[in-house]
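Notes follow once the structure below has been shown.
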Amino acid sequence: MFDDTRLASIHQKVLDGERLSFEDGVTMYRSPDILGIGHMANIVRERINGNDTYYNVNRHINPTDVCVAQCKLCAFGKQVRDPDGYTMSHEQAWEVAGKGWSEAVTEFHIVGGLHPTLNLDWYCELLRGLKQRFPTVHLKAFTMVEIGYFATRTKLTIRQVLEKLKAAGMDSLPGGGAEIFAEPVRRIICDHKIDGNVWIETAREAHNLGLHSNCTMLYGHIESEEDRVDHLVRLRTLQDDTKGFQTFIPLAFHPANTPLHHVPVTSGFDDIKNIAISRLMLDNIPHIKAYWIMMTPRMAQLAQRFGSDDLDGTVVEEKIYHDAGATTSQSLRREELVRLIREAGREPVERDTLYRRVERSPQPDTAFTILV
Ligand code: V47
């Protein structure tokens, strides 16, 4: 059945619902049998999520691109004195949140650079102001890296920082900043970020406080196949303990305008394999997101048959990938997401950030109800 006979024993494990090993992960990354791997990933995808593909109506807000980290992987962060850098005032951020806003939006995705002078109270006030103005919108805010940085700057513990942000309105956390946990690679691509262990322990604290989060892996730079599998296994181990991750998002490295601009862009083959292999390795994370901004809508659509069950959302204004050369549009309308999903033979399900179904009234872009 498989072009690559090494996949036969992995297939048996998948049919038996048995956990795949580190070696299985490496074998799949080294295999060219994309159809075999995709077939197995589709079995798991349909076992967990049936025929549903999720999407949401969201808006990204990046309050500042000023960043002390200066990671080699990034084209978004600007140095403090860079005249191209920006930092929004609270009023500007609240205004951006409201631009084109209608009651249709169910999520604000809020991340930014590691700003050297904005303090934690500034971020709490940002969240409080958003909650006050948009009380029905879920605030998915701040990567584990930002949380770690706030803790270092305030000399509070990570738990105390999370408690303060939660009290101010933070509802969950996005999955960014995980990059690759393997230390030798992490030291090269993002030297000044929290290390992999701190990322994991920050996620653990968030989950222990009842906050869900997502998780990511940045691939297609200088990491090895073993580094990728190591990353997935570390996430899987934490998830066994906390069950706090909702979605895993494999993120393809975009080299343009970064210090690593000489690295070739990932192939469609690798992008699809990362979706499928993550679905197979992360047996305890319910959703695998094909982030269309990063993959292009056409690849994200294909991914719905290779292990993914989520396309992310309308996004509205994306900066991190577009600064790094992404040629996708900055937003998609709900009807376009629905069409992509239907064309893939899947059932579109609008969700909120916590994967509860969103029911719309016949009047588009107005009232919605979240079905628990
Ligand atoms: O943490 C930065 C990555 C992430 C580049 O949780 C780059 O729902 C490629 O985490 N090329 C931010 N990647 C995006 C992110 C995310 C996106 C969508 C949904 C969710 C979610 C999370 O983007 C960063 C970093 O890993 N990144 N620069 C680059 N040049």
Side-chain angles (χ1 to χ4, degrees), residues 54-56 58-62 65 67 69-78 106-114 138-149 171-181 185-186 189-190 193-194 196 199 203 206 211-223 231 235 244-266 270-271 274 285 287-295 300 308 310-328 330 351-355:
Y54 295 91
Y55 69 97
N56 71 347
N58 61 353
R59 173 185 246 290
H60 284 208
I61 305 171
N62 306 120
D65 65 356
C67 188
Q70 299 302 307
C71 298
K72 288 202 173 51
L73 65 90
C74 184
F76 171 72
K78 304 285 180 306
T106 60
E107 170 189 284
F108 291 140
H109 173 130
I110 309 161
V111 295
L114 306 182
H138 180 109
L139 303 183
K140 183 178 79 179
F142 311 127
T143 64
M144 304 306 161
V145 173
E146 290 169 277
I147 302 296
Y149 182 65
D171 294 305
S172 71
L173 294 91
E179 322 308 4
I180 277 278
F181 295 142
V185 175
R186 201 171 176 88
I189 64 167
C190 56
K193 274 189 180 156
I194 53 173
W199 193 99
L211 293 161
H212 283 96
S213 80
N214 294 337
C215 51
T216 56
M217 173 176 77
L218 187 73
Y219 65 90
H221 39 91
I222 54 166
E223 83 290 359
H231 189 95
L235 292 173
F245 291 130
Q246 305 199 98
T247 315
F248 173 75
I249 311 135
L251 296 169
F253 178 54
H254 282 43
N257 306 321
T258 77
L260 298 175
H261 53 84
H262 55 279
V263 171
V265 292
T266 60
D270 204 15
D271 292 343
N274 269 286
I285 298 185
H287 305 285
I288 304 290
K289 187 184 285 188
Y291 183 39
W292 66 263
I293 290 265
M294 175 274 291
M295 289 189 85
S308 167
D310 193 330
L311 282 182
D312 200 70
T314 47
V315 181
V316 181
E317 201 177 356
E318 202 282 336
K319 293 192 199 303
I320 296 173
Y321 275 85
H322 287 85
D323 283 357
T327 52
T328 49
Q330 288 207 324
R351 61 164 176 88
D352 71 354
T353 313
L354 301 175
Y355 285 82

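Positions are given from 1, in the same order as the sequence printed here. Counting starts at 1 for both ligands and their atoms, following the listed order.
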Should the ring pair His287 and Tyr54 be called parallel, tilted or perpendicular, given that the plane angle runs from 0 to 90° and is split at 30 and 60?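 Perpendicular: the ring planes of His287 and Tyr54 meet at over 60°.
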Is the Tyr321 ring parallel, tilted or perpendicular to the Tyr291 ring (thresholds 30°, 60°)? perpendicular
Can you list everything that forms a side-chain contact (heavy atoms from CB on, under 4.5 Å) with Cys71? Sequence neighbours excluded, please. Ala69, Leu73, Cys74, Cys190, Lys193
The single option from Gln246, Lys289, Arg351 that satisfies side chain to side chain donor-acceptor pair (under 3.5 Å) with Asp310 is Arg351
For ligand 1, what N or O to protein N or O distances fall under 3.5 Å?
| unit_1 | atom_1 | unit_2 | atom_2 | d |
| --- | --- | --- | --- | --- |
| ligand 1 | 1 (O) | Gly177 | N | 2.7 |
| ligand 1 | 1 (O) | Glu179 | OE2 | 3.4 |
| ligand 1 | 6 (O) | Gly175 | N | 2.8 |
| ligand 1 | 6 (O) | Asn214 | ND2 | 3.1 |
| ligand 1 | 8 (O) | Lys140 | NZ | 2.7 |
| ligand 1 | 8 (O) | Asn214 | ND2 | 3.0 |
| ligand 1 | 8 (O) | Lys289 | NZ | 2.7 |
| ligand 1 | 10 (O) | Gly176 | N | 3.4 |
| ligand 1 | 11 (N) | His254 | N | 2.8 |
| ligand 1 | 13 (N) | Tyr321 | OH | 2.7 |
| ligand 1 | 26 (O) | Glu179 | OE1 | 2.4 |
| ligand 1 | 26 (O) | Glu179 | OE2 | 3.3 |
| ligand 1 | 30 (N) | Leu73 | O | 2.8 |
| ligand 1 | 30 (N) | His254 | O | 2.8 |

For Lys319, the salt bridge (charged side-chain N to carboxylate O under 4.0 Å, His left out) test, sequence neighbours excluded, returns Glu317
Under the rule for side chain to side chain donor-acceptor pair (under 3.5 Å), what residues qualify as partners of Lys140, not counting sequence neighbours? Glu107, His109
